[in-house]
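Have a look at the structure below before the remarks.
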Amino acid sequence: MKKWLKRLLFFGIIVMVLGFLGSLLSRLPVGDRVAVIKVKGAIIEPDRIVSKIQKAKEDKSVKALVLRVDSPGGSVGASQEIYRALEDFKSSGKPLVVSMGNVAASGGYYISTPSDLIFANPGTITGSIGVIVQHTELKDLLEKLGIRTTAIKTGKFKDTLSPFRDLTPEEKEYLQKTIEDAYEQFLQAILKYRSKKISEQKLREIADGRVFTGRVAKELGLVDELGNLQDAINRAKQMAGVPEARVFYMEDRRGFIRKLMEEGFEGFGWDYPLMLYYLMK
């Protein structure tokens, strides 16, 4: 083997080892650290995110938390689980900063609101404040195939959103009232932490499902600063008074097979016949 090739191989091994050691050292709970938790994709299964937030709260070496949100939203319940976990984190007195990526809309915006500061890129897509429930009706298609279904139920609303029949006027009214309640919860969750940045009247005017760029969202008071993830990390360090703190990415350490089995085809929650979503559509 030629000398230059040996040297290149040796150099590559050194770089890999140093990278591994750097990653390992960043995970050790020593010195001052800023934790970064990523929320990526649809928010349906909140348990891992909630667990990480709790660990960041309890870890004395973690002086601040940056939540990196890149999500179009998700189910109402899951978004509220993460929102509540972030409220609990704030009880520790540690700074909480949100960095919005490509998209932080609907439920992605919902979970951002408890933070002390929200950063968005100028072109980040955010907003989409609203609630949606969907109904797919297959009755006509099934009838063409000669397939008919019958539901034996204890009440007139028991099979609401069944794909085998149309919604009745009563069901539409009942579902509308349900999502309006969830919508009001969304608005109050925002106002709880952002009433000094945006009035309730203004919020209700713009909370009709429309999306905004990060720049427009800042003008409206939905976000605080324009900047990227590094800007958010730097500000979190400043707020915590630890300018030399190490950055710690709290990422899952899972193999491909385990990840596929745990998230693969069950992660979007279609098992539930009725699901309310804070989701950009």
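Count residues from 1 along the sequence.
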query = So Thr124 and Val223, side chain to side chain contact (heavy atoms under 4.5 Å, CB included) or not? Walk me through it.
reply = CA-CA 11 Å; Thr124 294; Val223 305; over 6 Å; no
Distance check, rounded to the nearest 0.5 Å: [X] atom [atom1] versus [Y] atom [atom2]?
X: Phe89; Y: Lys55; atom1: CZ; atom2: NZ; value: 14.5 Å
X: Leu276; Y: Ile179; atom1: CG; atom2: CD1; value: 7.5 Å
X: Leu141; Y: Leu145; atom1: CG; atom2: CG; value: 5.0 Å
X: Ile190; Y: Thr113; atom1: CD1; atom2: OG1; value: 6.0 Å
X: Lys156; Y: Glu170; atom1: NZ; atom2: CD; value: 3.5 Å
X: Thr150; Y: Ile152; atom1: OG1; atom2: CD1; value: 6.5 Å

Spell out, as yes or no, whether a donor-acceptor pair under 3.5 Å connects the side chain of [X] to the backbone of [Y].
X: Lys38; Y: Glu251; value: no
X: Ser106; Y: Leu279; value: yes
X: Asn228; Y: Asn121; value: no
X: Ser75; Y: Tyr277; value: no
X: Lys90; Y: Pro114; value: yes
X: Lys57; Y: Ser92; value: no
X: Ser51; Y: Asp47; value: no

ask   = Can you check side chain to side chain contact (heavy atoms under 4.5 Å, CB included) on Lys202 and Leu220, steps first, answer last?
value = CA-CA 8 Å; Lys202 184 63 177 178; Leu220 292 170; 3.8 Å; yes
Hey, are [X] and [Y] close enough for a salt bridge, meaning a charged N less than 4.0 Å from a carboxylate O?
X: Asp224; Y: Arg194; value: yes
X: Glu219; Y: Arg215; value: no
X: Glu87; Y: Arg84; value: yes
X: Asp32; Y: Lys237; value: no

Taking the side chain as every heavy atom from C-beta outward, state whether [X] and [Y] have any pair of such atoms under 4.5 Å apart.
X: Ile206; Y: Phe212; value: yes
X: Ser115; Y: Val97; value: no
X: Lys177; Y: Glu173; value: yes
X: Gln188; Y: Glu200; value: yes
X: Arg235; Y: Leu117; value: yes
X: Ile43; Y: Ile49; value: no
X: Tyr109; Y: Met280; value: no
X: Arg204; Y: Leu187; value: yes

query = Should we say atom NZ of Lys153 is surrounded by more than 12 heavy atoms from elsewhere, each under 6.0 Å from it?
reply =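 Counting other residues, nucleotides and ligands, NZ of Lys153 exceeds 12 neighbours.
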Side chain to side chain donor-acceptor pair (under 3.5 Å) evaluation trace for Asp181 with Gln185 = CA-CA 6 Å; Asp181 178 49; Gln185 293 175 37; 3.1 Å; yes
Shortest non-hydrogen separation from [X] to [Y] and the atoms involved:
X: Ala236; Y: Val34; value: CB-CG1, 4.3 Å
X: Lys197; Y: Gly221; value: CB-O, 3.5 Å
X: Leu167; Y: Thr160; value: CD2-CG2, 4.2 Å
X: Asp166; Y: Glu171; value: O-OE1, 4.1 Å
X: Thr126; Y: Ala217; value: CG2-CB, 3.6 Å
X: Asp59; Y: Arg33; value: OD2-NH2, 2.7 Å

Is it possible for you to say whether [X] and [Y] belong to one hydrophobic cluster, with membership spreading through side-chain heavy-atom contacts below 4.5 Å?
X: Val131; Y: Ile82; value: yes
X: Ile125; Y: Ile118; value: no
X: Val211; Y: Val98; value: no
X: Ile53; Y: Val62; value: no
X: Tyr183; Y: Val76; value: yes

request  = Report the C-alpha separation of Leu226 and Phe119 in whole Å, then their side-chain angles, then the decisive distance to 0.1 Å, and conclude whether the side chain to side chain contact (heavy atoms under 4.5 Å, CB included) test is met.
outcome  = CA-CA 5 Å; Leu226 297 181; Phe119 277 82; over 6 Å; no
Any side-chain donor near an acceptor of the partner, Gln230 and Asn234, under 3.5 Å =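 Asn234 and Gln230 do have a side-chain donor-acceptor pair below 3.5 Å.
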message = Before you tell me yes or no, could you show the steps for Ile37 and Val66 under side chain to side chain contact (heavy atoms under 4.5 Å, CB included), namely the whole-Å CA-CA distance, both residues' side-chain angles and the distance that decides it to 0.1 Å?
response = CA-CA 6 Å; Ile37 296 176; Val66 175; over 6 Å; no
query = Which residue pairs pass the ring-ring contact (aromatic ring centres under 6.0 Å, His included) test with at least one member in residues 60-86, sequence neighbours excluded?
reply =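 Found Tyr83-Tyr110.
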request  = With sequence neighbours left out, write down each residue that passes salt bridge (charged side-chain N to carboxylate O under 4.0 Å, His left out) with Glu81, or none if nothing qualifies.
outcome  =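 Expected list: none.
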